[in-house]
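This report refers to the structure that appears directly beneath it.
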Amino acid sequence: MLEKNYNPKDFEEKIYEKWETSGAFQPDMRSDKDAFSIVIPPPNVTGVLHMGHALDDTLQDILIRYNRMLGKKVLWQPGTDHAGIATQMVVERNLAKEGLTRHDLGREEFVKRVWKWKEQSGGTICRQLRRLGASCDWSRERFTMDEGLSHAVRKIFVSLYKDGLIYKAKKLVNWDPALETAVSDLEVVQKETVGKMYYYKYPLENNPNEFIHIATTRPETMFGDTAVAVSKDNKKLAHLIGQNCIIPIINRVIPIIADDHADPEKGTGAVKITPAHDFNDFEVGKRHNLPMINILNADATLNENTPYAGMTTQEARIKTLETLEQLGLIDKIEDHPMVIPYGDRSGVVIEPYMTDQWFVDAPKLAVEARRAVTDGEMEFVPATYEKTYFEWMNNIQPWCISRQLWWGHQMPIWYGPDDTIFCEENEELAQKEADKHYGKHVELRRETDVLDTWFSSGLWAFSTFGWPEQTQYLKTFYPTSVLVTGFDIIFFWVARMMMMSMYMMKRVPFKKCYIHGLVRDEQGRKMSKSKGNTVDPMETIEKYGADALRFFMAASETQGRDINLSDSRIQGYRNFATKLWNAARFCEMNECYSVKNFDINSAKLAINKWIIAKAKEATEAVTDNLNNYRFSEAANAIYQFTWGTFCDWYIELTKPVFYGENATEIEETRAVAAWVLDRILIVLHPFMPFITAELWNNLTARNIDIIKANWPLTEKINNADKYEIDWAVDFISAIRSLRSAMNLPAAAKLTAYVKSSNEDLALISKQQKMICTLARLETVESLANKEITQDMAQTASHEAVIYIPLKGVIDFDAERARLNKELETLNKNLDGYARKLGNESFVAKAPAAVVAEERRRQTEAMENKARVEEALARIANF
RNA sequence: GGAGAAUUAGCUCAGCCGGUUAGAGCGCUCGCCUCACACGCGAGAGGUCAGCAGUUCGAGUCUGCUAUUCUCCACCA
């Protein structure tokens with residue numbers, strides 16, 4: 001017996017546990033069916049589930065469960081990411097509480113600490129994914145720093161290095177002074193701020209009373225200046241080119257050079273060039289062979305190349321300005337809107353900084369990655385995201401992959417005594433190569449840098465399957481079927497996976513890439529911890545159940561658009577689950593599952609043929625929409641069928657049967673009701689796995705788990721017939737409408753007389769009992785020779801005109817108002833039809849079927865109009 | 001500066017290949033505790049599909065322009 005109330009907490013976790021322990025999420029590797037696979041976007045190992053995951057993983061689980069029910073060999077590969085910077089930061093913060101830094105511990109000890117932290121607080125997110133119902137094959141869970149995945153990292157690194165696609169270079173990079181590491185372009189966020197523009201002047205070398213005026217937002221960098229640039233087209237300043245000027249305070253002489261980087265329209269037209277601390281200046285410096293003077297320490301304090309060693313840039317800026325002021329060199333200071341780069345993790349200002357770093361030749365790798373999308377080997381859904389992808393790929397810069405961190409994959413690079421580089425998969429091999437190279441045994445020094453986190457996640461689509469081993473899983477599931485992820489990591493991850501996979505595997509990592517939007521708060525604002533507007537999915541699940549949250553995500557997901565979280569909608573889907581629960585209880589109470597071996601094609605009752613037809617349509621709609629990644633349409637199709645068709649109509653239609661005495665009819669209706677409910681459970685299962693499983697298990701004994709139930713597509717249904725009940729539904733609705741408009745008490749039993757074709761009358765007489773029950777009529781019969789009287793309210797459904805005597809209680813004003821409104825609508829429509837059909841071009845050019853349909857509507861509306869006018873005339877004097 | 005997207009009911013949004021009277025949920029109004037369900041049932045109100053022009057027999061849907069909003073990328077003189 002089902003509980004009276006739907007209580008997801010009673011069963012959701014239990015059901016999941018049973019699935020997991022029974023291996024229900026594992027693919028049958030002996031099956032010869034098609035494979036379907038997804039690799040999960042690996043969450044940070046120490047992270048917690050947020051609404052973005054809830055969306056992302058719900059969509060994946062829907063696809064996974066759907067394909068599993070289609071009978072495919074399905075694998076959802078789970079795992080987590082070591083998240084280099086993020087994780088190291090957390091552990092360092094914890095250390096700071098003990099008053100320690102990582103340097104106090106030393107590298108080895110620190111890394112041990114991180115592993116310990118991972119053991120302690122890792123795994124939370126995987127437990128939460130289980131709570132959401134994600135049917136991942138946890139027996140295959142991977143971590144980007146597992147031995148196997150680390151091996152893959154080293155192997156591909158060596159390969160890229162030997163192919164000349166990884167190189168070391170001394171370049172300006174984005175430097176995070178808090179973390180003291182380089183970061184990639186993508187890890188820098190630009191923020192609008194109002195800063196100051198400082199105008200001041202440098203004296204000329206051979207005439208200290210003359211000056212060249214410059215403008216800068218960062219005066220403290222002047223100690224790194226190695227030139228001042230002026231455009232040769234700058235008529236006012238060009239004469240200074242070739243002269244030298246003097247950097248005040250330090251009195252260093254630098255040349256005034258000609259370079260088009262100096263825009264005559266901007267600032268003063270003359271730009272100080274600081275090649276070691278500005279990306280543009282760096283290029284200028286290279287063009288003119290300028291010295292590059294580094295003025296910063298790794299923590300962004302000024303170094304001994306400046307007079308203000310040890311000061312922060314802010315302190316140095318103030319000091320510099322004070323000194324310039326004393327020297328009388330400042331022209332003016334203005335407010336200046338500008339953008340300043342911040343580290344997306346550390347939140348501090350990023351400094352362009354000159355260091356030795358390692359780079360991946362992304363522009364070369366991008367060629368194949370781009371081609372694969374151009375040639376349709378990988379398709380974005382929605383397709384418009386390929387523009388974003390191409391835009392970035394076409395302007396791609398070398399990818400800085402080295403990080404001066406301790407947590408991550410240490411680069412497989414060893415240096416010989418003279419800094420010769422040996423890049424091998426392990427130390428032994430490197431040693432062997434080195435010994436060969438030097439002709440004797442030498443001591444090697446390993447590169448201390450680790451790799452950008454995204455380097456290892458770039459391999460995720462094949463490293464998780466055991467690559468470089470040619471495993472059965474790799475052969476079966478690579479390339480994966482689809483990647484589901486947010487647009488915010490197209491560059492970080494999708495693009496990198498494409499590049500790495502095309503390089504190493506020569507095949508795309510996934511055939512499709514489904515991109516979804518962001519989950520925002522109720523007001524459409526981005527959710528963030530600092531704003532305090534985040535909603536914890538676990539709390540939502542606690543409140544409404546995982547199924548309600550999942551269904552909300554699916555029903556809201558319309559190809560790539562952001563989703564505004566809505567408590568009332570989630571609650572609505574919990575109500576939907578309750579509705580289904582109660583419908584199941586109705587079936588249980590009426591012993592629907594007691595009938596065995598009923599052939600669905602032998603159903604004879606009109607209501608049963610009707611619901612079978614509707615169920616078939618709904619299934620096809622869900623299937624079609626899922627095949628095209630239209631999640632909201634798929635969810636809505638099953639929602640509308642379950643609630644609007646099955647509960648609102650079919651269950652009501654079965655009541656006259658169940659409460660009647662015809663055993664054959666009861667038997668048939670029981671069987672069909674059970675059959676339809678089963679279809680609902682199956683088709684709804686990918687969206688709401690828990691309630692569907694709970695009902696599936698409790699309604700009757702089953703020989704198969706719902707997770708592996710066959711998707712009901714292939715069923716042969718050949719006795720579907722919608723006409724009769726569709727007609728009756730409209731007929732009943734018309735009477736209900738009239739009752740409501742005439743303010744008739746719900747309990748009042750009425751008589752209805754109908755004027756219509758013999759077919760309609762036959763249908764009514766056949767469905768007499770059902771119509772009377774649902775429309776609350778005493779009886780419904782043919783108008784025949786009965787006289788139409790003034791106390792009859794009149795309405796119509798299709799061509800049937802319905803008369804209901806109101807025995808003196810008719811409210812003539814209400815009836816007139818109702819009829820007039822109907823008339824108004826009819827007139828409006830008739831105008832439209834007349835206009836269209838009066839248009840010769842329409843009649844000549846539109847398809848015949850469209851024209852015929854238009855004519856039919858016109859005729860019908862004209863008949864209805866005559867009917868309504870007649871009724872109005874009849875009561876005109878009251 | 002470069003690129004992309006959006007504008008439909010009070011609110012949040014669907015609307016696929018152009019073809020009925022443009023849909024849903026929430027909210028609102030009226031009537032109902034009808035033996036599955038008040039987390040419910042029945043019936044309603046509510047829209048110049050941002051504006052203008054164009055293509056077409058026919059435009060919410062296709063094209064162009066305008067207005068407004070948003071997102072991404074680039075940008076420290």
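Residue numbers begin at 1 in each chain, while the letters A, B, ... track the order of the sequences.
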Which is true for A:Ile651 with a 4.0 Å heavy-atom rule: it touches a base, it touches only sugar-phosphate, or it touches nothing? base
Side-chain N,O (A:Lys579) to OP1/OP2 (B:C41) below 4.0 Å: yes
Picking from B:C39, B:U71, B:G19, the nucleotide nearest the side-chain atoms of A:Arg520 would be B:U71
Closer to the 5' end of RNA chain B via nearest nucleotide, is it A:Asn590 or A:Val850? A:Val850
For A:Asn564 and B:C13, is the shortest distance between a side-chain N/O and OP1 or OP2 below 4.0 Å? yes
Could you tell me the Watson-Crick or G-U partner of B:A14, where both distances fall under 3.5 Å? Say none if there is no partner. none
Picking from B:C75, B:A77, B:U21, which would you name as closest to the side chain of A:Asn280? B:C75
Nearest to the side chain of A:Asp648, heavy atoms from C-beta on, is which of B:G42, B:A36, B:A5? B:G42
Could you please name the partner base of B:C35, counting Watson-Crick and G-U wobble pairs only when both distances are under 3.5 Å? none
Regarding B:C16, can its base be found pairing with the side chain of A:Arg630 as donor and acceptor, where the two atoms are less than 3.5 Å apart? yes
Would you say A:Lys526 reaches B:C70's phosphate, i.e. side-chain N/O to OP1/OP2 under 4.0 Å? no
Check this one for me: any side-chain N or O of A:Asn582 less than 4.0 Å away from OP1 or OP2 of B:C39? no
Where the side chain of A:Ser740 is concerned, which of B:A14, B:A43, B:G25 is the nearest nucleotide? B:A43
Check every atom of B:A14, B:C76, B:C41 against the side chain of A:Thr558 and return the nucleotide holding the closest atom. B:A14
Determine the Euclidean distance between corresponding C1' atoms of B:G23 and B:A14; express it in Å to zero decimal places. 7 Å
Going by the angle between their ring planes, with limits at 30° and 60°, are A:Phe576 and A:Tyr639 parallel, tilted or perpendicular? tilted
In whole angstroms, the gap separating P of B:A36 from CZ of A:Phe658 amounts to 11 Å
Output, in order, the C-alpha distance, side-chain angles, deciding distance and verdict of salt bridge (Lys or Arg N to Asp or Glu O under 4.0 Å) for A:Glu853 and A:Arg857. CA-CA 6 Å; A:Glu853 177 60 18; A:Arg857 279 178 217 146; 3.2 Å; yes
Using both distances under 3.5 Å as the test, list the Watson-Crick or G-U wobble partner of B:C65, or none. B:G51
Report yes if a side-chain nitrogen or oxygen of A:Tyr833 is closer than 4.0 Å to either non-bridging phosphate oxygen (OP1 or OP2) of B:U21; otherwise report no. yes
Regarding A:His336, tell me which of base, sugar-phosphate or nothing describes its non-hydrogen contacts under 4.0 Å with the strands shown. sugar-phosphate
Between B:U21 atom C1' and A:Arg856 atom CZ, what is the distance in whole Å? 13 Å
At 4.0 Å (heavy atoms only), tell me whether A:Asn839 reaches a base, stays on the sugar-phosphate, or touches nothing. sugar-phosphate
Nearest-Å distance once atom C1' is located in both B:A3 and B:G46: 39 Å
A:Thr578 (side chain) and B:C39 (base): donor-acceptor pair under 3.5 Å: yes
Pairwise C1' distance for B:G58 and B:G2, with rounding to whole Å: 39 Å
Report which part of the nucleic acid A:Arg218 touches: base, sugar-phosphate, or nothing (heavy-atom distance under 4.0 Å, all strands). base
From the candidates B:C76, B:U20, B:U12, the one with an atom nearest any side-chain atom of A:Met338 is B:C76
Counterpart base for B:U21, defined by Watson-Crick or G-U wobble contacts under 3.5 Å: none
Write down the distance separating the C1' atoms in B:A53 and B:A67, rounded off to the nearest Å. 15 Å
May I ask you to say what A:Pro745 touches in the nucleic acid, namely base, sugar-phosphate or nothing, with a heavy-atom cut-off under 4.0 Å? nothing
What I want to check is whether the side chains of A:Thr388 and A:Glu391 have a donor and an acceptor closer together than 3.5 Å. no
Do the side-chain N or O atoms of A:Arg561 get closer than 4.0 angstrom to the phosphate oxygens (OP1, OP2) of B:A14? yes
With a cut-off of less than 4.0 Å, is there a side-chain N or O of A:Ser737 near OP1 or OP2 of B:A43? no
In whole angstrom, give the distance that lies between atom CZ of A:Phe551 and atom C1' of B:A14. 14 Å
Which nucleotide in the list B:C57, B:A14, B:A5 gets nearest to the side chain of A:Lys387? B:A5
State whether A:Asn625 places a side-chain N or O below 4.0 Å from either non-bridging phosphate oxygen (OP1 or OP2) of B:C16. no
For B:A36, take OP1 and OP2 only and decide whether either is under 4.0 Å from a side-chain N or O of A:Tyr659. yes
Paired nucleotide for B:U71 [Watson-Crick or G-U wobble; both distances under 3.5 Å]: B:A3
Is any side-chain N of the basic residue among A:Asp278 and A:Arg218 closer than 4.0 Å to the acidic one's carboxylate O? no
Does B:G42 have a Watson-Crick or wobble partner in any strand here, with both distances under 3.5 angstrom, and which is it? B:C30
If you round to the nearest 0.5 Å, how far is CG of A:Asn174 from CD of A:Glu351? 10.5 Å
Nucleotide nearest A:Glu633 when distance is taken to its side chain, options B:G19, B:C16, B:G42: B:C16
A:Phe551 and A:Tyr573: aromatic ring centres closer than 6.0 Å? yes
Check this for me: does any side-chain nitrogen of one of A:Arg585 and A:Glu3 sit under 4.0 Å from a carboxylate oxygen of the other? no
Would you please confirm or rule out a distance under 4.0 Å between OP1 or OP2 of B:C41 and any side-chain N or O of A:Trp643? yes
Donor-acceptor side-chain pairing of A:Lys272 and A:Thr221 below 3.5 angstrom: yes
Of the nucleotides B:G19, B:C37, B:A36, which has the atom closest to the A:Phe586 side chain? B:A36
Starting at the 5' end of RNA chain B, which residue's closest nucleotide do you reach first, A:Glu391 or A:Glu652? A:Glu391
